[in-house]
Number of protein chains: 2
Amino acid sequence: MKYLISPSADEALQALNESLSSIRRRMVTIVGCCKVDYTGRAKSFLDYGDRLVIVKADGTVMVHGNEKREPVNWQPPGTSVKYMVEEGLIIEARRASPTETMRIHFKSIQALSIFTLNDGAEINIVGEEADIVDRIESDPSIIEEGLRVVRREKATSSGFIDLLCEDRNGVTVIVEVKRTSISPNAVYQMEAYLADFKKKNDKAIVRGILCAPRVSEMARTLIAEKGLEYRQIGYEFELKDKKQASLDSFK
Amino acid sequence: MKYLISPSADEALQALNESLSSIRRRMVTIVGCCKVDYTGRAKSFLDYGDRLVIVKADGTVMVHGNEKREPVNWQPPGTSVKYMVEEGLIIEARRASPTETMRIHFKSIQALSIFTLNDGAEINIVGEEADIVDRIESDPSIIEEGLRVVRREKATSSGFIDLLCEDRNGVTVIVEVKRTSISPNAVYQMEAYLADFKKKNDKAIVRGILCAPRVSEMARTLIAEKGLEYRQIGYEFELKDKKQASLDSFK
DNA sequence: ATTTGGATGTCGGGA
DNA sequence: TCCCGACGTCCAAAT
(Lines give C-alpha, C1' and ligand atoms only; values in the text may rest on other atoms or scores of the structure.)
Protein backbone atom coordinates (compact mmCIF):
# COMPACT_ATOMS: atom_id res chain seq x y z
CA MET A 1 0.00 0.00 0.00
CA LYS A 2 1.42 3.29 -1.09
CA TYR A 3 -0.05 6.68 -0.36
CA LEU A 4 1.15 10.14 -1.40
CA ILE A 5 -0.38 13.45 -0.36
CA SER A 6 -0.11 16.33 -2.83
CA PRO A 7 2.71 14.72 -4.78
CA SER A 8 4.36 16.54 -7.63
CA ALA A 9 3.80 15.13 -11.09
CA ASP A 10 7.25 13.58 -11.05
CA GLU A 11 6.76 12.02 -7.63
CA ALA A 12 3.46 10.58 -8.78
CA LEU A 13 5.01 9.21 -11.96
CA GLN A 14 7.83 7.59 -10.07
CA ALA A 15 5.44 5.88 -7.67
CA LEU A 16 3.28 4.65 -10.56
CA ASN A 17 6.22 3.24 -12.52
CA GLU A 18 7.97 1.77 -9.51
CA SER A 19 6.49 -1.68 -9.07
CA LEU A 20 5.34 -2.55 -12.55
CA SER A 21 5.96 -6.23 -11.84
CA SER A 22 3.52 -6.66 -8.97
CA ILE A 23 0.87 -5.20 -11.21
CA ARG A 24 -1.44 -8.21 -11.21
CA ARG A 25 -3.98 -6.94 -8.74
CA ARG A 26 -2.77 -3.41 -8.48
CA MET A 27 -5.28 -0.66 -8.30
CA VAL A 28 -4.61 3.07 -8.44
CA THR A 29 -6.74 5.95 -7.24
CA ILE A 30 -5.88 9.58 -7.87
CA VAL A 31 -7.78 12.56 -6.49
CA GLY A 32 -6.94 15.75 -8.28
CA CYS A 33 -7.83 18.55 -10.66
CA CYS A 34 -7.84 17.24 -14.20
CA LYS A 35 -9.24 17.65 -17.69
CA VAL A 36 -10.23 14.75 -19.91
CA ASP A 37 -10.18 14.32 -23.68
CA TYR A 38 -11.81 11.29 -25.24
CA THR A 39 -12.07 10.19 -28.87
CA GLY A 40 -13.49 6.90 -30.00
CA ARG A 41 -17.06 5.71 -30.42
CA ALA A 42 -17.90 9.33 -29.65
CA LYS A 43 -15.83 12.36 -28.75
CA SER A 44 -15.85 14.41 -25.58
CA PHE A 45 -14.07 17.07 -23.63
CA LEU A 46 -14.28 17.69 -19.89
CA ASP A 47 -12.61 20.84 -18.62
CA TYR A 48 -10.58 21.12 -15.42
CA GLY A 49 -12.24 20.13 -12.17
CA ASP A 50 -11.62 17.85 -9.18
CA ARG A 51 -12.29 14.18 -9.76
CA LEU A 52 -11.52 10.74 -8.45
CA VAL A 53 -9.70 8.66 -11.07
CA ILE A 54 -9.53 4.89 -10.69
CA VAL A 55 -7.28 2.58 -12.70
CA LYS A 56 -7.83 -1.15 -12.33
CA ALA A 57 -5.31 -3.86 -13.15
CA ASP A 58 -7.47 -5.12 -16.03
CA GLY A 59 -7.13 -1.78 -17.81
CA THR A 60 -10.39 -0.25 -16.70
CA VAL A 61 -10.11 3.50 -16.15
CA MET A 62 -12.86 5.58 -14.56
CA VAL A 63 -13.15 9.30 -13.96
CA HIS A 64 -15.71 9.96 -11.23
CA GLY A 65 -17.25 13.32 -10.45
CA ASN A 66 -18.98 14.11 -7.18
CA GLU A 67 -22.36 12.87 -8.37
CA LYS A 68 -24.02 9.88 -9.99
CA ARG A 69 -23.21 6.21 -10.22
CA GLU A 70 -21.75 6.50 -13.70
CA PRO A 71 -18.23 7.76 -14.33
CA VAL A 72 -18.18 10.99 -16.33
CA ASN A 73 -15.44 9.50 -18.53
CA TRP A 74 -14.03 5.98 -18.73
CA GLN A 75 -12.31 3.26 -20.69
CA PRO A 76 -13.47 -0.37 -20.53
CA PRO A 77 -11.39 -3.39 -19.42
CA GLY A 78 -8.57 -4.34 -21.77
CA THR A 79 -7.36 -0.81 -22.24
CA SER A 80 -3.63 -0.16 -22.24
CA VAL A 81 -2.66 2.54 -19.74
CA LYS A 82 0.45 4.70 -19.79
CA TYR A 83 1.60 7.32 -17.33
CA MET A 84 3.79 10.28 -18.28
CA VAL A 85 4.55 13.86 -17.33
CA GLU A 86 3.99 16.90 -19.55
CA GLU A 87 3.33 19.97 -17.46
CA GLY A 88 1.55 17.69 -15.02
CA LEU A 89 0.76 13.99 -14.75
CA ILE A 90 -0.90 12.46 -17.78
CA ILE A 91 -2.77 9.18 -18.03
CA GLU A 92 -3.16 7.95 -21.56
CA ALA A 93 -5.54 5.03 -22.01
CA ARG A 94 -5.75 3.52 -25.48
CA ARG A 95 -7.44 0.50 -26.91
CA ALA A 96 -8.04 -0.92 -30.37
CA SER A 97 -11.29 -2.44 -31.65
CA PRO A 98 -12.80 0.00 -31.43
CA THR A 99 -9.98 2.51 -31.54
CA GLU A 100 -10.41 4.72 -28.53
CA THR A 101 -8.18 7.05 -26.61
CA MET A 102 -8.81 8.80 -23.34
CA ARG A 103 -6.26 11.26 -22.03
CA ILE A 104 -6.36 12.72 -18.55
CA HIS A 105 -4.21 15.68 -17.64
CA PHE A 106 -3.75 16.61 -13.99
CA LYS A 107 -3.19 20.23 -13.09
CA SER A 108 -2.71 19.20 -9.47
CA ILE A 109 -2.97 16.07 -7.33
CA GLN A 110 -4.53 15.95 -3.87
CA ALA A 111 -3.66 12.32 -3.24
CA LEU A 112 -2.45 9.21 -4.99
CA SER A 113 -2.78 5.70 -3.63
CA ILE A 114 -1.65 2.34 -4.94
CA PHE A 115 -2.87 -0.89 -3.38
CA THR A 116 -3.84 -4.49 -4.16
CA LEU A 117 -7.15 -6.28 -3.74
CA ASN A 118 -7.27 -9.98 -2.91
CA ASP A 119 -10.74 -11.17 -3.75
CA GLY A 120 -11.68 -14.77 -4.39
CA ALA A 121 -15.42 -14.37 -3.83
CA GLU A 122 -18.06 -14.44 -6.54
CA ILE A 123 -21.36 -12.71 -6.20
CA ASN A 124 -24.46 -14.81 -5.72
CA ILE A 125 -27.52 -13.10 -7.13
CA VAL A 126 -31.14 -14.09 -7.58
CA GLY A 127 -34.15 -12.34 -8.99
CA GLU A 128 -33.06 -12.10 -12.61
CA GLU A 129 -35.24 -12.91 -15.58
CA ALA A 130 -33.79 -16.40 -15.77
CA ASP A 131 -34.98 -17.08 -12.22
CA ILE A 132 -38.53 -16.16 -13.16
CA VAL A 133 -38.35 -18.39 -16.23
CA ASP A 134 -37.09 -21.18 -13.94
CA ARG A 135 -40.10 -20.74 -11.75
CA ILE A 136 -42.56 -20.85 -14.66
CA GLU A 137 -40.82 -23.87 -16.13
CA SER A 138 -41.13 -25.79 -12.88
CA ASP A 139 -44.79 -24.82 -12.48
CA PRO A 140 -46.42 -23.55 -15.69
CA SER A 141 -49.81 -23.46 -13.98
CA ILE A 142 -48.89 -20.11 -12.46
CA ILE A 143 -49.50 -18.75 -15.94
CA GLU A 144 -52.47 -20.88 -16.83
CA GLU A 145 -54.02 -24.19 -15.83
CA GLY A 146 -53.01 -26.97 -18.17
CA LEU A 147 -50.08 -25.17 -19.74
CA ARG A 148 -47.17 -27.40 -20.69
CA VAL A 149 -43.62 -26.26 -21.49
CA VAL A 150 -42.37 -27.72 -24.77
CA ARG A 151 -39.04 -25.98 -24.97
CA ARG A 152 -37.02 -23.28 -23.35
CA GLU A 153 -35.12 -20.51 -25.11
CA LYS A 154 -35.84 -21.73 -28.56
CA ALA A 155 -33.88 -19.92 -31.29
CA THR A 156 -35.99 -18.62 -34.16
CA SER A 157 -34.94 -16.62 -37.18
CA SER A 158 -36.59 -13.64 -35.51
CA GLY A 159 -34.60 -14.08 -32.33
CA PHE A 160 -35.10 -16.02 -29.14
CA ILE A 161 -38.22 -16.76 -27.21
CA ASP A 162 -38.18 -17.57 -23.52
CA LEU A 163 -40.64 -20.46 -23.46
CA LEU A 164 -42.42 -22.43 -26.16
CA CYS A 165 -45.55 -24.00 -24.65
CA GLU A 166 -48.85 -25.71 -25.40
CA ASP A 167 -52.09 -24.91 -23.67
CA ARG A 168 -54.68 -27.45 -22.54
CA ASN A 169 -56.15 -27.49 -26.03
CA GLY A 170 -52.85 -28.20 -27.73
CA VAL A 171 -52.53 -24.66 -29.03
CA THR A 172 -48.99 -23.35 -29.25
CA VAL A 173 -48.23 -20.59 -26.76
CA ILE A 174 -45.19 -18.35 -26.95
CA VAL A 175 -44.20 -16.93 -23.58
CA GLU A 176 -41.94 -13.93 -23.12
CA VAL A 177 -40.79 -12.97 -19.63
CA LYS A 178 -39.48 -9.63 -18.39
CA ARG A 179 -38.20 -9.09 -14.85
CA THR A 180 -39.49 -5.54 -14.45
CA SER A 181 -42.15 -4.45 -16.88
CA ILE A 182 -43.43 -5.02 -20.40
CA SER A 183 -42.38 -2.20 -22.70
CA PRO A 184 -43.58 -1.49 -26.23
CA ASN A 185 -40.38 -3.08 -27.48
CA ALA A 186 -41.24 -6.37 -25.83
CA VAL A 187 -44.59 -6.29 -27.61
CA TYR A 188 -42.96 -5.64 -31.00
CA GLN A 189 -40.63 -8.51 -30.33
CA MET A 190 -43.50 -10.82 -29.51
CA GLU A 191 -45.38 -9.69 -32.57
CA ALA A 192 -42.41 -10.55 -34.75
CA TYR A 193 -41.99 -13.93 -33.05
CA LEU A 194 -45.62 -14.75 -33.69
CA ALA A 195 -45.55 -13.68 -37.33
CA ASP A 196 -42.39 -15.68 -37.90
CA PHE A 197 -43.73 -18.72 -36.11
CA LYS A 198 -46.98 -18.72 -38.06
CA LYS A 199 -45.15 -18.46 -41.34
CA LYS A 200 -42.60 -21.15 -40.53
CA ASN A 201 -45.09 -23.57 -39.04
CA ASP A 202 -48.08 -22.77 -41.17
CA LYS A 203 -50.26 -22.42 -38.09
CA ALA A 204 -53.24 -20.18 -37.91
CA ILE A 205 -53.53 -20.16 -34.15
CA VAL A 206 -50.64 -19.22 -31.89
CA ARG A 207 -51.06 -17.41 -28.62
CA GLY A 208 -48.55 -14.92 -27.26
CA ILE A 209 -48.32 -14.30 -23.53
CA LEU A 210 -46.17 -11.57 -22.02
CA CYS A 211 -45.27 -12.04 -18.35
CA ALA A 212 -43.91 -9.42 -15.96
CA PRO A 213 -44.73 -7.75 -12.65
CA ARG A 214 -45.95 -4.66 -14.56
CA VAL A 215 -47.01 -3.40 -18.00
CA SER A 216 -46.62 0.14 -19.23
CA GLU A 217 -49.75 1.87 -20.47
CA MET A 218 -48.68 1.95 -24.10
CA ALA A 219 -47.66 -1.69 -23.98
CA ARG A 220 -51.01 -2.62 -22.50
CA THR A 221 -52.79 -0.87 -25.37
CA LEU A 222 -50.59 -2.55 -27.95
CA ILE A 223 -51.19 -5.94 -26.37
CA ALA A 224 -54.94 -5.44 -26.57
CA GLU A 225 -54.82 -4.17 -30.17
CA LYS A 226 -52.80 -7.09 -31.36
CA GLY A 227 -54.74 -9.79 -29.58
CA LEU A 228 -51.88 -10.73 -27.28
CA GLU A 229 -52.13 -11.58 -23.59
CA TYR A 230 -50.53 -10.29 -20.43
CA ARG A 231 -50.08 -12.13 -17.14
CA GLN A 232 -48.89 -10.32 -14.08
CA ILE A 233 -46.21 -12.46 -12.57
CA GLY A 234 -43.50 -11.81 -10.04
CA TYR A 235 -42.09 -13.95 -7.32
CA GLU A 236 -40.43 -13.88 -3.96
CA PHE A 237 -36.85 -14.81 -4.59
CA GLU A 238 -34.54 -16.52 -2.16
CA LEU A 239 -30.87 -17.22 -2.49
CA LYS A 240 -30.51 -20.93 -2.90
CA ASP A 241 -27.24 -22.15 -1.46
CA LYS A 242 -25.38 -22.09 1.82
CA LYS A 243 -25.01 -18.36 1.58
CA GLN A 244 -28.65 -18.24 2.58
CA ALA A 245 -27.70 -18.28 6.26
CA SER A 246 -25.91 -15.00 5.92
CA LEU A 247 -28.87 -13.43 4.18
CA ASP A 248 -31.29 -14.64 6.82
CA SER A 249 -29.23 -13.00 9.49
CA PHE A 250 -29.41 -9.85 7.41
CA LYS A 251 -33.15 -9.40 7.37
CA MET B 1 -8.54 15.84 3.21
CA LYS B 2 -8.39 13.09 5.78
CA TYR B 3 -6.52 9.84 5.41
CA LEU B 4 -6.28 6.90 7.79
CA ILE B 5 -4.14 3.80 7.30
CA SER B 6 -5.42 0.56 8.80
CA PRO B 7 -7.82 2.31 11.17
CA SER B 8 -9.85 0.36 13.70
CA ALA B 9 -13.59 0.26 13.13
CA ASP B 10 -14.07 2.85 15.86
CA GLU B 11 -11.42 5.17 14.46
CA ALA B 12 -13.03 4.89 11.03
CA LEU B 13 -16.49 5.59 12.45
CA GLN B 14 -15.25 8.63 14.32
CA ALA B 15 -13.63 10.06 11.20
CA LEU B 16 -16.78 9.43 9.16
CA ASN B 17 -19.08 11.06 11.71
CA GLU B 18 -16.80 13.96 12.49
CA SER B 19 -17.62 16.67 9.96
CA LEU B 20 -21.19 15.87 9.02
CA SER B 21 -21.80 19.55 8.31
CA SER B 22 -19.25 20.01 5.52
CA ILE B 23 -20.83 17.04 3.78
CA ARG B 24 -21.87 18.92 0.66
CA ARG B 25 -19.18 17.67 -1.65
CA ARG B 26 -17.68 15.06 0.58
CA MET B 27 -16.55 11.81 -0.88
CA VAL B 28 -15.36 8.75 0.98
CA THR B 29 -13.24 5.85 -0.22
CA ILE B 30 -12.56 2.77 1.85
CA VAL B 31 -10.23 -0.04 0.87
CA GLY B 32 -10.78 -3.14 2.92
CA CYS B 33 -12.00 -6.70 3.31
CA CYS B 34 -15.79 -6.71 3.32
CA LYS B 35 -18.92 -8.71 2.60
CA VAL B 36 -22.02 -7.25 0.99
CA ASP B 37 -25.70 -8.12 1.40
CA TYR B 38 -28.26 -6.57 -0.92
CA THR B 39 -32.03 -6.88 -1.06
CA GLY B 40 -34.27 -4.89 -3.35
CA ARG B 41 -35.10 -5.27 -7.02
CA ALA B 42 -33.13 -8.50 -6.70
CA LYS B 43 -31.18 -10.11 -3.88
CA SER B 44 -27.49 -10.83 -3.65
CA PHE B 45 -24.70 -11.89 -1.36
CA LEU B 46 -20.99 -11.26 -1.84
CA ASP B 47 -18.67 -13.03 0.58
CA TYR B 48 -15.59 -11.49 2.17
CA GLY B 49 -12.90 -10.12 -0.12
CA ASP B 50 -10.88 -6.95 -0.67
CA ARG B 51 -12.73 -4.13 -2.43
CA LEU B 52 -12.71 -0.42 -2.98
CA VAL B 53 -15.87 1.19 -1.63
CA ILE B 54 -16.84 4.68 -2.74
CA VAL B 55 -19.53 6.84 -1.13
CA LYS B 56 -20.50 10.02 -2.90
CA ALA B 57 -22.21 13.01 -1.33
CA ASP B 58 -25.36 12.42 -3.40
CA GLY B 59 -25.87 9.03 -1.76
CA THR B 60 -24.28 6.92 -4.46
CA VAL B 61 -22.45 3.90 -3.05
CA MET B 62 -20.23 1.63 -5.15
CA VAL B 63 -18.37 -1.54 -4.27
CA HIS B 64 -15.62 -2.13 -6.82
CA GLY B 65 -13.71 -5.37 -7.24
CA ASN B 66 -10.38 -5.59 -9.01
CA GLU B 67 -11.94 -6.08 -12.44
CA LYS B 68 -14.51 -4.59 -14.76
CA ARG B 69 -16.02 -1.17 -15.18
CA GLU B 70 -19.17 -2.04 -13.27
CA PRO B 71 -19.31 -2.10 -9.48
CA VAL B 72 -20.04 -5.57 -8.11
CA ASN B 73 -22.61 -4.01 -5.77
CA TRP B 74 -23.99 -0.48 -5.55
CA GLN B 75 -26.78 1.88 -4.56
CA PRO B 76 -27.92 4.68 -6.89
CA PRO B 77 -27.94 8.41 -6.08
CA GLY B 78 -30.48 9.45 -3.46
CA THR B 79 -29.67 6.62 -1.11
CA SER B 80 -29.43 7.36 2.61
CA VAL B 81 -26.14 6.15 4.07
CA LYS B 82 -25.41 5.33 7.70
CA TYR B 83 -22.18 4.27 9.31
CA MET B 84 -22.01 2.12 12.45
CA VAL B 85 -19.85 -0.43 14.22
CA GLU B 86 -20.85 -4.02 14.98
CA GLU B 87 -17.82 -6.27 15.10
CA GLY B 88 -16.36 -4.08 12.38
CA LEU B 89 -17.41 -1.03 10.38
CA ILE B 90 -20.80 -1.27 8.71
CA ILE B 91 -22.18 0.87 5.90
CA GLU B 92 -25.94 0.65 5.62
CA ALA B 93 -27.38 2.21 2.48
CA ARG B 94 -31.18 2.32 2.22
CA ARG B 95 -33.58 3.88 -0.19
CA ALA B 96 -37.31 3.77 -0.79
CA SER B 97 -39.03 3.51 -4.15
CA PRO B 98 -37.96 0.97 -4.81
CA THR B 99 -37.21 -0.29 -1.32
CA GLU B 100 -33.62 -1.39 -1.38
CA THR B 101 -30.99 -2.01 1.22
CA MET B 102 -27.31 -2.69 0.83
CA ARG B 103 -25.22 -3.51 3.83
CA ILE B 104 -21.44 -3.66 3.78
CA HIS B 105 -19.54 -5.22 6.66
CA PHE B 106 -15.79 -4.65 6.92
CA LYS B 107 -13.68 -7.33 8.52
CA SER B 108 -10.65 -5.07 8.16
CA ILE B 109 -9.76 -1.71 6.63
CA GLN B 110 -6.56 -1.02 4.69
CA ALA B 111 -7.25 2.66 4.22
CA LEU B 112 -9.98 5.26 4.58
CA SER B 113 -9.95 8.67 2.94
CA ILE B 114 -12.34 11.59 3.07
CA PHE B 115 -12.03 14.49 0.65
CA THR B 116 -14.01 17.04 -1.33
CA LEU B 117 -14.24 17.60 -5.07
CA ASN B 118 -14.77 21.08 -6.52
CA ASP B 119 -15.98 20.62 -10.02
CA GLY B 120 -17.88 23.22 -12.03
CA ALA B 121 -17.22 21.74 -15.46
CA GLU B 122 -19.78 19.98 -17.59
CA ILE B 123 -18.86 17.41 -20.16
CA ASN B 124 -19.19 18.30 -23.81
CA ILE B 125 -19.91 15.25 -25.91
CA VAL B 126 -20.68 14.66 -29.57
CA GLY B 127 -21.39 11.56 -31.62
CA GLU B 128 -24.71 10.59 -30.11
CA GLU B 129 -27.73 9.51 -32.10
CA ALA B 130 -29.15 13.03 -31.87
CA ASP B 131 -26.06 14.40 -33.63
CA ILE B 132 -26.59 12.05 -36.57
CA VAL B 133 -30.25 13.05 -36.76
CA ASP B 134 -29.07 16.69 -36.74
CA ARG B 135 -26.84 15.99 -39.68
CA ILE B 136 -29.59 14.30 -41.69
CA GLU B 137 -32.04 17.08 -40.86
CA SER B 138 -29.63 19.72 -42.15
CA ASP B 139 -28.91 17.75 -45.32
CA PRO B 140 -31.47 15.02 -46.07
CA SER B 141 -29.81 14.33 -49.43
CA ILE B 142 -27.22 12.20 -47.66
CA ILE B 143 -30.01 9.66 -47.38
CA GLU B 144 -31.56 10.22 -50.76
CA GLU B 145 -31.75 12.93 -53.41
CA GLY B 146 -34.94 14.94 -53.10
CA LEU B 147 -35.80 13.82 -49.58
CA ARG B 148 -37.51 16.48 -47.44
CA VAL B 149 -37.87 16.43 -43.65
CA VAL B 150 -41.45 17.07 -42.58
CA ARG B 151 -41.05 16.60 -38.88
CA ARG B 152 -38.60 15.46 -36.28
CA GLU B 153 -39.28 13.13 -33.36
CA LYS B 154 -42.93 12.72 -34.07
CA ALA B 155 -44.90 10.92 -31.39
CA THR B 156 -47.14 8.15 -32.66
CA SER B 157 -49.31 5.77 -30.70
CA SER B 158 -46.70 3.13 -31.46
CA GLY B 159 -43.89 5.23 -30.08
CA PHE B 160 -41.54 7.84 -31.47
CA ILE B 161 -39.95 8.06 -34.85
CA ASP B 162 -36.78 9.99 -35.48
CA LEU B 163 -37.73 11.72 -38.75
CA LEU B 164 -40.90 11.93 -40.75
CA CYS B 165 -40.02 12.75 -44.37
CA GLU B 166 -41.31 12.86 -47.92
CA ASP B 167 -39.38 11.60 -50.92
CA ARG B 168 -39.18 13.35 -54.31
CA ASN B 169 -42.47 11.72 -55.31
CA GLY B 170 -44.32 12.92 -52.24
CA VAL B 171 -44.31 9.48 -50.65
CA THR B 172 -44.09 9.47 -46.87
CA VAL B 173 -40.80 8.13 -45.54
CA ILE B 174 -40.22 7.14 -41.93
CA VAL B 175 -36.57 7.34 -40.94
CA GLU B 176 -35.10 5.62 -37.90
CA VAL B 177 -31.51 6.33 -36.88
CA LYS B 178 -29.17 4.28 -34.70
CA ARG B 179 -25.71 5.42 -33.75
CA THR B 180 -24.06 1.99 -33.85
CA SER B 181 -25.93 -0.69 -35.75
CA ILE B 182 -29.40 -1.80 -36.74
CA SER B 183 -30.55 -4.72 -34.61
CA PRO B 184 -33.63 -6.88 -35.07
CA ASN B 185 -35.33 -4.80 -32.41
CA ALA B 186 -34.96 -1.66 -34.51
CA VAL B 187 -36.61 -3.48 -37.41
CA TYR B 188 -39.53 -4.60 -35.26
CA GLN B 189 -39.93 -1.05 -34.08
CA MET B 190 -39.96 0.26 -37.63
CA GLU B 191 -42.45 -2.42 -38.63
CA ALA B 192 -44.79 -1.35 -35.87
CA TYR B 193 -44.41 2.31 -36.81
CA LEU B 194 -45.27 1.57 -40.40
CA ALA B 195 -48.29 -0.57 -39.57
CA ASP B 196 -49.57 2.07 -37.19
CA PHE B 197 -48.96 4.88 -39.65
CA LYS B 198 -50.73 3.11 -42.49
CA LYS B 199 -53.73 2.40 -40.32
CA LYS B 200 -53.95 5.91 -38.89
CA ASN B 201 -53.37 7.68 -42.20
CA ASP B 202 -55.07 5.26 -44.52
CA LYS B 203 -52.03 5.25 -46.78
CA ALA B 204 -51.04 2.35 -48.91
CA ILE B 205 -47.50 3.48 -49.58
CA VAL B 206 -45.12 4.39 -46.80
CA ARG B 207 -41.41 3.74 -46.96
CA GLY B 208 -39.28 2.88 -43.95
CA ILE B 209 -35.57 3.63 -43.98
CA LEU B 210 -33.21 2.48 -41.25
CA CYS B 211 -29.94 4.42 -40.97
CA ALA B 212 -26.80 3.38 -39.13
CA PRO B 213 -23.11 2.75 -39.72
CA ARG B 214 -23.81 -1.01 -39.67
CA VAL B 215 -26.57 -3.65 -39.88
CA SER B 216 -26.46 -7.04 -38.27
CA GLU B 217 -27.01 -10.02 -40.54
CA MET B 218 -30.35 -10.94 -39.02
CA ALA B 219 -31.55 -7.38 -39.23
CA ARG B 220 -30.50 -7.20 -42.86
CA THR B 221 -32.55 -10.30 -43.62
CA LEU B 222 -35.57 -8.94 -41.78
CA ILE B 223 -35.30 -5.63 -43.61
CA ALA B 224 -35.30 -7.41 -46.97
CA GLU B 225 -38.20 -9.69 -46.01
CA LYS B 226 -40.37 -6.82 -44.91
CA GLY B 227 -39.62 -4.52 -47.83
CA LEU B 228 -37.82 -1.96 -45.73
CA GLU B 229 -34.67 -0.09 -46.65
CA TYR B 230 -31.27 0.40 -45.10
CA ARG B 231 -28.83 3.26 -45.66
CA GLN B 232 -25.35 3.09 -44.31
CA ILE B 233 -24.70 6.39 -42.65
CA GLY B 234 -22.13 7.53 -40.17
CA TYR B 235 -20.32 10.80 -39.86
CA GLU B 236 -17.17 12.39 -38.64
CA PHE B 237 -18.15 14.25 -35.55
CA GLU B 238 -16.49 17.36 -34.26
CA LEU B 239 -17.04 19.17 -31.01
CA LYS B 240 -18.75 22.40 -31.86
CA ASP B 241 -17.78 25.12 -29.43
CA LYS B 242 -14.62 26.77 -28.18
CA LYS B 243 -13.55 23.57 -26.55
CA GLN B 244 -12.59 22.47 -30.04
CA ALA B 245 -9.17 24.02 -29.64
CA SER B 246 -8.35 21.69 -26.83
CA LEU B 247 -9.42 18.68 -28.84
CA ASP B 248 -7.40 19.71 -31.85
CA SER B 249 -4.31 19.90 -29.73
CA PHE B 250 -5.14 16.42 -28.55
CA LYS B 251 -5.08 14.63 -31.83
C1' DA C 1 -44.16 9.70 -10.15
C1' DT C 2 -44.27 7.16 -14.37
C1' DT C 3 -42.98 6.33 -19.02
C1' DT C 4 -39.90 6.09 -22.78
C1' DG C 5 -35.77 5.29 -25.29
C1' DG C 6 -30.61 6.34 -25.67
C1' DA C 7 -25.89 5.00 -23.96
C1' DT C 8 -18.60 5.89 -25.63
C1' DG C 9 -23.87 1.74 -22.32
C1' DT C 10 -21.38 -2.92 -20.00
C1' DC C 11 -21.60 -7.79 -19.71
C1' DG C 12 -22.15 -12.69 -20.65
C1' DG C 13 -23.45 -16.46 -23.71
C1' DG C 14 -23.80 -18.76 -28.06
C1' DA C 15 -22.83 -19.59 -32.97
C1' DT D 1 -14.97 -12.88 -33.59
C1' DC D 2 -19.63 -11.02 -34.15
C1' DC D 3 -24.26 -11.07 -32.77
C1' DC D 4 -27.85 -10.75 -29.49
C1' DG D 5 -30.45 -9.68 -25.33
C1' DA D 6 -30.36 -8.86 -20.10
C1' DC D 7 -29.19 -5.53 -16.57
C1' DG D 8 -30.65 -4.58 -9.25
C1' DT D 9 -28.99 -1.49 -15.94
C1' DC D 10 -28.34 4.22 -15.34
C1' DC D 11 -29.96 8.54 -17.09
C1' DA D 12 -32.51 12.55 -18.86
C1' DA D 13 -36.53 14.37 -20.95
C1' DA D 14 -41.37 14.42 -21.46
C1' DT D 15 -45.96 13.49 -19.73
I want to check one thing: is the phosphate of [N], taken as OP1 and OP2, less than 4.0 Å away from some side-chain N or O of [X]?
{"X": "A:S44", "N": "C:dT8", "result": "no"}
{"X": "B:W74", "N": "D:dC10", "result": "yes"}
{"X": "A:R41", "N": "C:dT10", "result": "yes"}
{"X": "A:K68", "N": "D:dC11", "result": "no"}

[X] [atom1] to [N] [atom2], straight-line distance once rounded to whole Å:
{"X": "B:I182", "N": "D:dC3", "atom1": "CD1", "atom2": "C1'", "value": "14 Å"}
{"X": "B:M62", "N": "D:dT9", "atom1": "CE", "atom2": "P", "value": "18 Å"}
{"X": "A:N185", "N": "C:dG6", "atom1": "CG", "atom2": "P", "value": "8 Å"}
{"X": "B:K56", "N": "D:dC10", "atom1": "NZ", "atom2": "P", "value": "14 Å"}
{"X": "B:E70", "N": "C:dA7", "atom1": "CD", "atom2": "P", "value": "17 Å"}
{"X": "A:F45", "N": "C:dT8", "atom1": "CZ", "atom2": "P", "value": "17 Å"}
{"X": "A:I123", "N": "C:dG12", "atom1": "CD1", "atom2": "C1'", "value": "15 Å"}
{"X": "B:R214", "N": "D:dC4", "atom1": "CZ", "atom2": "P", "value": "10 Å"}

Please report the distance separating the P of C:dT4 from the corresponding atom of D:dG8, rounded so that it comes out in whole Å.
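Between the two P atoms, the distance is 22 Å.
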Just call it for [X]: base, sugar-phosphate, or nothing, with non-hydrogen atoms closer than 4.0 Å on any strand.
{"X": "A:S216", "result": "sugar-phosphate"}
{"X": "B:Q75", "result": "base"}
{"X": "A:T180", "result": "sugar-phosphate"}
{"X": "B:E128", "result": "sugar-phosphate"}
{"X": "A:E176", "result": "sugar-phosphate"}

Ion pair A:D134/A:R152, N-O distance below 4.0 Å:
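Salt bridge: yes.
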Is B:E129 side chain donor-acceptor paired with the C:dG6 base, going by distance under 3.5 Å alone?
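Flag unset: no donor-acceptor pair detected.
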So if I apply the side-chain contact (heavy atoms from CB on, under 4.5 Å) rule between B:N73 and each of B:V61, B:I104, B:V53, B:V63, which one comes out positive?
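Filter result, single survivor: B:V63.
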Between [X] and [Y], is there a donor-acceptor pair closer than 3.5 Å when you use the side chain of the first and the backbone of the second?
{"X": "B:S138", "Y": "B:R135", "answer": "yes"}
{"X": "A:R220", "Y": "A:V215", "answer": "no"}
{"X": "A:Y230", "Y": "A:A212", "answer": "yes"}

Using heavy-atom distances to pick each residue's nearest nucleotide on DNA chain D, tell me which of B:P77 and A:S97 is more 5'.
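Mapping each residue to its closest nucleotide by heavy atoms, the 5'-most match is A:S97.
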